[in-house]
Amino acid sequence: METKEKPLIQAKKIEVEYEGVKVFSDLSFEIFDGDFVCIVGPNGAGKSTLIKALLGQIHLKSGEIKFRNLRRKFIGYMPQESKVEKDFPASVEEIVRSGTLNRLGFRAFYGQKEEEITKRSLGLLGISHLGARYFAELSGGQRQKVLLARSLSATTRLLILDEPSNNLDYKSKNELYENLKTLNKQGITILMVTHDLDHKNLIGEKILALAGEKYFFGSTSEYVEEIHHV
């Protein structure tokens, strides 16, 4: 008898309010290991609010979110606005290594394991050669890769990205998307908020579209057919 795969994330009829205003309600979906889901919707639909709910940064009014064998502190998160300033006086390696802080526990210093994770993250994104350079010296596309590497250092299973292609030029955006597709093929589950509805840039195989009281959750091909009436 086959055992049905259990979801990595299970959201059941979740409802969230912000400053007394309902953002979304009765929202249910399941994310499985290896999924790549693009979260889309108009401004104010609750994309970033959903991310905060998944990360446990805001409370649900009702419903529940369950994770299977995954603690929230081991989620790799790349926010829309980074706390790393462009002129922050730290090297690329130092910034990427900071993603391993969730692994230190009661230890005061990084160890060999954290150094190995840092090198792996830099290597996976092809930026090992930038390790000794300062963040302030980098281009916008390079900075995004560094911040993605830092997020990757926090996890082996789940990346949550809030509009990671913001302010990137065409070439840098395509490079970022190729990196994400490669990471997903290597087994990392990805949830990515995006405002870009060009179907060529909906690089995940699933879509979660928020629109007030309504939402769509299904395959990207189904969503493209629906919005373009193909």
Side-chain angles (χ1 to χ4, degrees), residues 4-18 21-68 70 72 74-81 148 151-152 155 157-166 173 176-177 179-181 183-185 187-230:
K4 186 178 179 182
E5 180 186 4
K6 293 183 179 180
L8 174 62
I9 306 171
Q10 187 174 45
K12 292 184 178 180
K13 296 184 177 296
I14 61 174
E15 179 177 338
V16 172
E17 287 187 353
Y18 182 73
V21 178
K22 186 185 296 183
V23 181
F24 52 76
S25 63
D26 200 31
L27 176 60
S28 299
F29 57 87
E30 294 182 337
I31 309 296
F32 292 85
D33 283 303
D35 278 351
F36 192 146
V37 181
C38 289
I39 302 173
V40 303
N43 290 338
K47 302 185 296 295
S48 293
T49 300
L50 174 60
I51 294 303
K52 291 176 181 177
L54 290 169
L55 294 170
Q57 296 177 353
I58 58 176
H59 296 293
L60 303 178
K61 183 178 180 182
S62 62
E64 63 178 348
I65 297 173
K66 292 182 178 180
F67 291 87
R68 177 175 56 83
L70 177 65
R72 280 189 168 101
F74 290 111
I75 295 172
Y77 172 49
M78 185 174 170
Q80 189 175 142
E81 297 294 334
L148 178 58
S151 303
L152 188 60
T155 190
R157 297 184 69 191
L158 175 63
L159 282 173
I160 296 181
L161 316 171
D162 195 350
E163 300 200 13
S165 64
N166 265 6
K173 181 174 72 172
L176 176 68
Y177 284 174
N179 285 143
L180 292 177
K181 287 190 283 189
L183 291 173
N184 182 240
K185 288 177 181 177
I188 300 289
T189 304
I190 298 176
L191 303 185
M192 181 180 77
V193 173
T194 179
H195 65 277
D196 193 344
L197 294 183
D198 184 332
H199 69 278
K200 294 179 181 178
N201 294 318
L202 296 175
I203 58 175
E205 83 278 3
K206 293 181 181 178
I207 299 290
L208 174 57
L210 303 176
E213 295 296 307
K214 298 180 180 179
Y215 72 92
F216 170 94
F217 183 63
S219 71
T220 301
S221 59
E222 291 172 335
Y223 181 71
V224 170
E225 287 179 5
E226 183 169 305
I227 63 174
H228 292 292
H229 305 290
V230 177

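Predicted, not measured: the structure shown is a model, and the values here were computed from it. Computed over heavy atoms, backbone and side chain alike; hydrogens, waters and symmetry mates excluded.
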Could you walk me through whether Y177 and M192 pass the side-chain contact (heavy atoms from CB on, under 4.5 Å) check? CA-CA 11 Å; Y177 284 174; M192 181 180 77; 4.2 Å; yes
Run the side chain to side chain donor-acceptor pair (under 3.5 Å) test against [X] and tell me which residues pass, sequence neighbours left out.
X	result
S219	S221, E222
D35	K206
T49	none

Can you check whether [Y]'s main-chain N or O pairs, donor with acceptor, with [X]'s side chain at less than 3.5 Å?
X	Y	answer
R157	G34	no
K47	G41	yes
E205	F36	yes
T155	F74	yes

Would you please name every residue forming a salt bridge (charged side-chain N to carboxylate O under 4.0 Å, His left out) with [X], sequence neighbours left out?
X	result
E17	K61
K13	D26
K173	D196

Show your reasoning for whether side-chain contact (heavy atoms from CB on, under 4.5 Å) applies to L159 and L148. CA-CA 9 Å; L159 282 173; L148 178 58; 4.1 Å; yes
Between [atom1] on residue [X] and [atom2] on residue [Y], distance to nearest 0.5 Å:
X	Y	atom1	atom2	answer
I188	L158	CD1	CG	8.5 Å
I190	N184	CD1	CG	5.0 Å
F67	Q10	CZ	CD	11.5 Å
I9	I75	CD1	CD1	6.5 Å
T194	I203	OG1	CD1	8.5 Å
I14	L50	CD1	CG	5.5 Å

For [X] against [Y], the heavy-atom pair lying closest together:
X	Y	result
G204	C38	N-SG, 3.5 Å
N166	H195	OD1-CE1, 3.0 Å
Q57	Y77	NE2-CE2, 4.2 Å
V16	A53	CG2-CB, 4.4 Å

Close side-chain approach of [X] and [Y], heavy atoms under 4.5 Å:
X	Y	answer
L208	F29	yes
V37	I207	no
L55	I160	yes

Would you say the rings of Y215 and F24 are close, in the sense that their centroids are separated by under 6.0 Å? no
Begin with the C-alpha distance, continue with both residues' side-chain angles, and end with the deciding distance and a verdict on side-chain contact (heavy atoms from CB on, under 4.5 Å) for I31 and T189. CA-CA 8 Å; I31 309 296; T189 304; 3.8 Å; yes
List the steps, then state whether side-chain contact (heavy atoms from CB on, under 4.5 Å) holds for F216 with L210. CA-CA 7 Å; F216 170 94; L210 303 176; over 6 Å; no
